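Letters A, B, ... are given to chains in the order of the sequence lines, protein chains preceding strands, and every chain is numbered from 1. Source: prediction; values computed, not measured.
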There are 2 protein chains.
Amino acid sequence: MSNIDIISDKELQKGIREFLETAPDIYMAGVSVDTVIFGFHNDKLKALMLRFGNTPYFVLPGGYIRKEENLDAAAMRILQERTALKNIYLEQFYTAGNTNRSKEEVALELTQKMIGTIPNSNWFTQRFVSVCYYALVDDTKVNPVTEIFFTEVKWFDVNKLPKVLYDHDAIINKALKRLQADLDEKLVGFNLMSETFTMGQLQKLYEAVYQKKFVRTNFQRKILSLGVLERLEKQYSGKSHKAPYLYRFVKTS
Amino acid sequence: MSNIDIISDKELQKGIREFLETAPDIYMAGVSVDTVIFGFHNDKLKALMLRFGNTPYFVLPGGYIRKEENLDAAAMRILQERTALKNIYLEQFYTAGNTNRSKEEVALELTQKMIGTIPNSNWFTQRFVSVCYYALVDDTKVNPVTEIFFTEVKWFDVNKLPKVLYDHDAIINKALKRLQADLDEKLVGFNLMSETFTMGQLQKLYEAVYQKKFVRTNFQRKILSLGVLERLEKQYSGKSHKAPYLYRFVKTS
DNA sequence: ATCTATTGTATCAAAATGATACAATAAAGT
DNA sequence: ACTTTATTGTATCATTTTGATACAATAGAT
């Protein structure tokens with residue numbers, strides 16, 4: 001183990017100790033928030049995950065609820081801390097509350113290894129009920145923020161998740177199911193796109209979310225019939241074929 | 001105030017004091033469960049509510065999570081305590097977490113009046129994040145269970161709710177929205193009916209849930225086309241007109 | 001036997017969806 | 001300038017689903 005590693009570990013220990021001391025005064029005990037942050041690039045639906053210390057495991061961005069803070073506000077704060085974005089589309093979809101969900105052997109062992117001796121019973125070892133939200137972001141605007149414990153922030157194809165801790169893979173799947181329902185119902189898809197987009201790009205998004213193909217011509221007819229798109233100028237890609245129109249979602253509210 | 005009232009209040013006080021002493025050892029702090037128990041009678045969708053002490057206010061059946069108990073199990077236990085039913089259809093739909101939701105003036109004042117002096121800061125005055133479930137029950141099988149604090153258990157038309165405490169009216173409305181989505185998607189309606197039923201009764205249920213009328217003939221065609229009903233014998237009501245068939249849901253799983 | 005209220009099924013029109021054909025077009029190749 | 005290629009936008013036809021209405025069947029009451 002190199003010098004740098006040791007220094008970094010010591011800093012980590014100090015940070016953790018500080019957190020352990022202050023957390024019980026600042027946050028509600030027993031309740032946490034986890035967020036599934038969906039993004040869309042390379043025609044794939046992705047979720048943002050954090051590397052757990054220097055292990056090969058990843059976890060969802062999460063945090064705790066300040067004692068005088070509303071639950072939704074806590075979720076939004078946690079999201080903003082991680083993406084440096086404002087006005088994010090955020091939807092609560094599930095609350096996980098099995099007793100064994102935070103008692104994962106691997107996580108405890110890894111924590112112990114990384115941060116050394118800390119009180120046997122502490123903030124992290126308590127039972128948490130976790131309220132889960134999903135967020136839809138335009139990934140081109142996200143500025144992933146790392147921190148001392150979560151040194152890497154990475155997008156993962158929802159179909160190619162890494163090793164994850166706790167029940168976070170099950171949570172992502174629940175989030176996806178809910179997103180599928182909401183995409184039809186509330187037309188929330190544009191939150192995943194840039195301001196303007198072509199019909200082809202939108203179709204790719206729908207195909208990624210529903211994990212199935214749509215017939216191009218019928219998809220276009222269906223979407224246009226919803227009357228929520230405004231047709232803009234054409235987008236010339238330089239390719240030698242007909243250029244598609246750009247569209248923008250119009251708020252009907 | 002009569003003697004009987006005074007005696008009852010003293011018993012109540014004793015019960016509450018006992019609860020306040022033991023609760024922190026038994027239950028998770030900061031997290032509660034509320035349940036919207038839907039039933040169907042007189043062609044109306046109803047929710048079961050509890051009278052708050054001897055006040056004119058009602059609340060949803062709720063409770064706390066034992067320290068070693070899964071969240072879903074806690075919801076099921078609370079439900080069974082209140083309805084004396086097993087195998088209830090139960091679905092988590094929302095978690096309420098505004099800071100002001102348990103700080104309702106009326107509730108605090110009423111509690112104070114009813115149970116007299118108790119510690120100023122206690123189990124009930126802490127902030128709770130409440131995980132909400134809805135349940136679908138065949139109301140003919142429900143045996144509403146009262147207790148010392150909730151002396152009356154009553155079904156209310158979801159469109160004619162009484163005065164409620166906290167955010168429980170908003171929670172019922174969220175539950176209804178979710179039920180509407182699930183009725184289409186998962187065909188959960190039969191949990192609200194008795195074992196056998198006529199097409200007319202089923203239609204009344206759908207009309208109560210969606211709060212709109214359906215055309216009888218088209219409703220029948222649509223439901224039968226789903227292939228989830230088994231047609232049984234006719235039901236002779238004694239009325240002077242054609243008797244309808246009885247149906248039963250068949251599990252396809 | 002007739003009447004009334006209701007139920008079950010059929011029928012036709014309208015709307016939505018699925019499958020396919022085809023014209024329009026942006027740029028590259030000749 | 002003409003042709004070619006890849007893609008896009010729209011049209012068309014068949015099929016399915018939905019909405020509206022007609023009508024025959026039937027359990028009793030008169």
Side-chain angles (χ1 to χ4, degrees), chain A residues 42-43 180-181 183-187 189-190 193-250 252, chain B residues 42-43 180-181 183-187 189-190 193-250 252:
Chain A
N42 286 123
D43 299 346
Q180 289 173 347
L183 193 55
D184 243 19
E185 184 94 359
K186 306 182 205 159
L187 306 170
F190 65 94
M193 312 284 284
S194 52
E195 175 72 13
T196 65
F197 49 85
T198 67
M199 195 57 75
Q201 290 168 328
L202 188 64
Q203 184 177 344
K204 294 289 188 185
L205 170 61
Y206 273 72
E207 291 178 345
V209 171
Y210 291 110
Q211 312 194 340
K212 70 171 201 180
K213 296 282 176 193
F214 294 95
V215 175
R216 181 184 60 86
T217 54
N218 295 338
F219 178 83
Q220 172 145 309
R221 180 181 57 189
K222 174 70 183 166
I223 295 287
L224 288 180
S225 78
L226 298 176
V228 297
L229 292 191
E230 181 187 3
R231 181 175 281 182
L232 307 171
E233 72 278 13
K234 287 188 164 195
Q235 184 191 55
Y236 295 92
S237 64
K239 303 267 180 63
S240 64
H241 53 70
K242 193 174 179 180
Y245 288 102
L246 284 173
Y247 294 90
R248 171 167 56 200
F249 276 90
V250 290
T252 49
Chain B
N42 286 123
D43 300 345
Q180 288 174 346
L183 193 55
D184 244 20
E185 184 95 359
K186 306 183 204 158
L187 305 171
F190 65 93
M193 311 285 283
S194 52
E195 175 72 13
T196 64
F197 47 86
T198 66
M199 196 57 77
Q201 290 170 328
L202 188 63
Q203 184 177 341
K204 293 290 187 183
L205 169 61
Y206 273 71
E207 291 179 344
V209 170
Y210 291 110
Q211 311 193 343
K212 71 171 200 178
K213 296 283 176 191
F214 294 95
V215 175
R216 181 184 60 87
T217 55
N218 294 338
F219 178 82
Q220 172 144 311
R221 179 181 61 190
K222 176 68 182 166
I223 295 287
L224 288 179
S225 78
L226 298 176
V228 297
L229 292 190
E230 180 186 5
R231 180 175 281 183
L232 307 171
E233 71 279 12
K234 287 188 163 193
Q235 183 191 56
Y236 296 92
S237 62
K239 301 269 178 63
S240 64
H241 54 71
K242 193 172 180 181
Y245 287 103
L246 284 172
Y247 294 90
R248 173 168 53 202
F249 275 91
V250 291
T252 50

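Contact of B/Lys242 with C/dT7 (side chain to base): a donor-acceptor pair of N or O atoms is detected under 3.5 Å.
Nearest heavy atoms, A/Ala243 versus A/Gln235: CB-O, 3.3 Å. When every heavy atom of B/Leu224 is checked against every heavy atom of B/Met199, the shortest pair comes out as CD2-CE, 3.7 Å. Between B/Leu229 and B/Val250, the shortest heavy-atom distance links the atoms N-CG2, 4.3 Å.
Between the side chains of B/Gln203 and B/Glu207, at least one donor N or O lies within less than 3.5 Å of an accepting N or O.
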Could you list, one pair per line, each protein nitrogen or oxygen that sits under 3.5 Å from a nitrogen or oxygen of nucleotides 28-30 of chain D, together with the distance?
none

Under 3.5 Å, N/O pairs linking protein and nucleotides 19-23 of chain D:
{"unit_1": "D/dG19", "atom_1": "N7", "unit_2": "B/Arg221", "atom_2": "NH2", "d": "2.9"}
{"unit_1": "D/dG19", "atom_1": "O6", "unit_2": "B/Arg221", "atom_2": "NH1", "d": "3.2"}
{"unit_1": "D/dA20", "atom_1": "N7", "unit_2": "B/Asn218", "atom_2": "OD1", "d": "3.3"}
{"unit_1": "D/dA20", "atom_1": "N7", "unit_2": "B/Asn218", "atom_2": "ND2", "d": "2.9"}
{"unit_1": "D/dA20", "atom_1": "N6", "unit_2": "B/Asn218", "atom_2": "OD1", "d": "3.2"}
{"unit_1": "D/dT21", "atom_1": "O4", "unit_2": "B/Thr217", "atom_2": "OG1", "d": "2.7"}

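Between B/Arg231 atom CZ and C/dT7 atom P the separation is 13 Å, expressed in whole Å. Atom CD1 of A/Ile223 is separated from atom P of D/dG9 by 13 Å (rounded to the nearest Å). Between A/Tyr245 atom OH and D/dT8 atom P there is a gap of 13 Å when expressed in whole angstrom units. Between the CG atom of B/Leu226 and the P atom of D/dT17 there is a distance of 11 Å, rounded to whole Å. Distance CZ (B/Phe214) to P (D/dT18): 12 Å, rounded to an integer number of Å. With rounding to whole Å, B/Glu233 atom CD is found 13 Å from C/dG8 atom P. Note: NZ (B/Lys222) to C1' (C/dG8) measures 19 Å, nearest angstrom. Rounding to whole angstrom units, CZ of residue A/Phe219 and C1' of C/dA19 are separated by 17 Å.
A ring-centre distance under 6.0 Å is found for B/Phe249 and B/Phe197.
Of the candidate nucleotides C/dT9, C/dT25, C/dT17, C/dT9 has the atom lying nearest to any side-chain atom of B/Gln220.
Atom NZ of A/Lys239 is surrounded by 12 or fewer heavy atoms from other residues, nucleotides or ligands within 6.0 Å.
Between atom NZ of residue B/Lys204 and atom CZ of residue B/Phe219 there is a gap of 11.0 Å, rounded to the nearest 0.5 Å. A distance of 6.0 Å separates CG in A/Leu205 from CG in A/Leu183, rounded to the nearest 0.5 Å. The distance from atom OH of B/Tyr245 to atom CG of B/Leu232, rounded to the nearest 0.5 Å, is 11.0 Å.
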